[in-house]
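Throughout, residue positions are numbered sequentially from 1 according to the sequence presented. For the numbers below, each heavy atom of this structure counts, side chains included, while hydrogens, waters and symmetry mates do not.
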Amino acid sequence: MSIDRRQFLSRACIAGVGTAVVGSIDVAAGTSALADRRRGSRGYGRLVADPAGVLALPAGFSYRVLAEAGRTRLDSGEPTPSDADGTAAFAHAGGTTLVNNHEISGGEAHLMPTPSGLTYDPGAFGGTTSIEVARDGSRVREYVSVAGTHNNCAGGVTPWQTWLTCEETEVRAGDGRRFDHGFVFEVDPADQESNLDRSPIPLRFLGRFPHEAVCVDPDTSVVYETEDANEPHGLFYRWVPPAGFTPGRGALHALATGPGGDTAGTLQAMLCRKGNREIVDLSQATRTGTRFKVEWVDVPDRLATDTSTRMQLPDNGVTRSRKLEGAWWGDGGAYFVASFARASDGSRTEHDGQVWFYDPRTESVTLTTIFGVNPDPDVDSDHYDGPDNITTSPYGGVILAEDGEGIQHLVGVTEQGRSYPIARNDLNDSEFTGPVFSADGSTLFANIQDPGLVLAITGPWGRPSSAHG
């Protein structure tokens, strides 16, 4: 994290976490108005310390390490690359294929190999690996599925069962890189052969900016995108496909390589309103249930030829947010996360995490979760901070990966709006990344980014208790 939250803890803290969607509420004025109190739940029960010192889980749950950077090996013989991040899980006849992003910018210990036919830019060392997992949970194999990309952070699953991996960067060609970066690439989980000579094609029409995550509306194929950026803060975008677009495997690649593919469809940024008032910063919302109407503003130059996309639009014409992070499609709309906000960054109010829900039917966003500033991140309590990756749970609610200060958790939020811990990193203070359930709901996959552990968590899953913890 680029900001040390502890420097703000001498101020009056926002108290706790509130999460229930309770309807339209006027935006509160100022930090002191964040009145939602902590409402933790039992979830799956108290966490039990891990004798191996890796992952604390509720009683009855267990985990298996599927990959570890530098220790497990790819089919091609190289070590598993560093910094596993956003992840997707795809069912196949023999079990599950995981597609793992690797947030590698070049200085990490274990870089992504750059095999022929799978590499966009041989001067870049991020990308994705795919891990095949048998039905019994054992690891079968791991291989490179896209390479030569830069700082692959999160991404999103398409309705046609592929993975969109996102480069969180704006770096241009130079310093050994042959091409500009900041794009989205599509990865086919079927097998390595499916990606040869097809996957390393940037989907330029989705824009060039520091992508964090995407999600796709299965009814319209509209793609929603988050931007993790500052100076100025990032935007929430949508890409509207061109008339006549038919979704499916290969459709995005065909669009990208066809006539006018660089600017196919329309890229737009979100503008929120409360009545006639423009909302310039999502941190202005301090109560769960706050709802804003949404308008969409065209981005003039999506390829950021001379100016970053977020700088092309005036502050009074779009809605910005510090640290826009994970996104996931569920419950008929797009969930997306703002990790934290601080006054020193120019945010209107301070918080340690928001979850928003965009409803395309009503063209509105609603604040479903907000974490108050964590008073002591080094104490294991029901205060959480820095939510990053997000997924929906087949048992109700959402799962968040903490990327904050101090102790790190996988955090669940029930449908009733109560937060609970699913797992705690007992190994170090590295962030959790990539939470995602297997298609049958039996396994929650997640990563600890450093030392690059890919984990499979099993146990007595079911609807988590929403009773007070």
Side-chain angles (χ1 to χ4, degrees), residues 86-88 90 92 97-102 112 114-122 124 126-130 143-169 173 177-209 211-225 237-267 299 302-304 327 329:
T87 302
F90 301 93
H92 61 79
T97 296
L98 301 178
V99 182
N100 288 90
N101 279 6
H102 293 270
M112 181 74 64
T114 54
S116 177
L118 293 167
T119 300
Y120 166 61
D121 184 346
T128 66
T129 55
S130 296
Y143 55 86
V144 175
S145 41
V146 69
T149 52
H150 186 87
N151 218 50
N152 297 62
C153 197
V157 178
T158 69
W160 47 93
Q161 292 297 287
T162 61
W163 173 245
L164 298 177
T165 181
C166 294
E167 294 185 304
E168 186 192 341
T169 184
R177 294 179 298 273
R178 295 185 186 178
F179 306 115
D180 292 346
H181 291 265
F183 297 112
V184 177
F185 297 76
E186 188 173 26
V187 184
D188 192 330
D191 53 44
Q192 194 174 40
E193 294 295 319
S194 299
N195 294 298
L196 285 170
D197 298 315
R198 191 177 74 179
S199 218
I201 297 173
L203 306 179
R204 298 176 187 273
F205 50 79
L206 293 179
R208 193 182 76 82
F209 57 85
H211 287 86
E212 176 71 27
V214 302
C215 61
V216 184
D217 185 333
D219 295 327
T220 63
S221 301
V222 170
V223 180
Y224 297 92
E225 311 176 71
Y237 300 88
R238 77 172 183 182
W239 174 77
V240 181
F245 175 73
T246 302
R249 291 196 179 195
L252 296 179
H253 290 96
L255 193 61
T257 56
D262 284 2
T263 55
T266 306
L267 185 69
V299 175
R302 75 184 77 186
L303 298 179
W329 186 269

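- Here salt bridge (Lys or Arg N to Asp or Glu O under 4.0 Å) pairs that include residues 147-159, with residues two or more places apart or in two chains, number zero.
- In this structure the side chain of Asn195 never reaches within 4.5 angstrom of the side chain of Ser130, judged on heavy atoms.
- Applying the salt bridge (charged side-chain N to carboxylate O under 4.0 Å, His left out) criterion to Asp217, with sequence neighbours excluded, gives no partner residue.
- Here the shortest heavy-atom pairing between Arg208 and Leu303 reads NE-O, 3.2 Å.
- Phe185 contributes atom CZ, which lies 10.5 Å from atom SG of Cys166 (distance to the nearest 0.5 angstrom).
- Of all heavy-atom pairs spanning Pro218 and Trp329, the tightest one is CD-NE1, 3.2 Å.
- Legend: residues meeting side chain to side chain donor-acceptor pair (under 3.5 Å) with Arg238, ordered by chain and number and at least two apart, are Gln268.
- Remark: Thr169 pairs with no residue by the side chain to side chain donor-acceptor pair (under 3.5 Å) rule, at least two apart or across chains.
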message = Using side chain to side chain contact (heavy atoms under 4.5 Å, CB included), reason through Glu225 and Val184 one step at a time and then give a plain yes or no.
response = CA-CA 10 Å; Glu225 311 176 71; Val184 177; 4.3 Å; yes
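- For His181, the side chain to side chain donor-acceptor pair (under 3.5 Å) test picks out Asp121, Glu167, with sequence neighbours left out.
- A parallel orientation is assigned to the rings of Phe209 and His211, their planes being inclined by less than 30° (bins at 30° and 60°).
- Taking Arg249 as the reference, Asp188 meet the salt bridge (charged side-chain N to carboxylate O under 4.0 Å, His left out) condition, with sequence neighbours excluded.
- Here Ala88 pairs with Phe90, Val157, Trp163 under the side chain to side chain contact (heavy atoms under 4.5 Å, CB included) rule; sequence neighbours left out.
- When only modelled atom types and interatomic distance are considered, Ser145 and Thr128 share a side-chain donor-acceptor pair under 3.5 Å.
- Among residues two or more places apart in sequence or in another chain, the side chain to side chain contact (heavy atoms under 4.5 Å, CB included) test is passed with Ala251 by Phe245.
- With sequence neighbours excluded, no residue satisfies ring pair (Phe, Tyr, Trp, His ring centres under 6.0 Å) with His102.
- Atom CD of residue Glu168 and atom OG1 of residue Thr149 lie 13.0 Å apart, to the nearest 0.5 angstrom.
- Counting all heavy atoms, side chain and backbone alike, Leu206 lies closest to Leu267 at O-CD1, 3.8 Å.
- For the pair Arg302 and Phe205, the cation-pi test (distance below 6.0 Å, angle within 45°) is failed.
- Scanning both residues, Pro115 and Ala147, for their nearest heavy atoms gives CD-CB, 4.0 Å.
- Evaluation of the side chain to side chain donor-acceptor pair (under 3.5 Å) rule for Tyr237 yields Glu227, Thr309 as partners, not counting sequence neighbours.
- Residues Ala124 and Thr114 approach most closely at O-CG2, 3.9 Å, considering heavy atoms.
- Note that CG of Asn101 is 3.0 Å distant from OG1 of Thr165, once rounded to the nearest 0.5 Å.
- Under the ring pair (Phe, Tyr, Trp, His ring centres under 6.0 Å) criterion, Tyr143 pairs with no residue, sequence neighbours left out.
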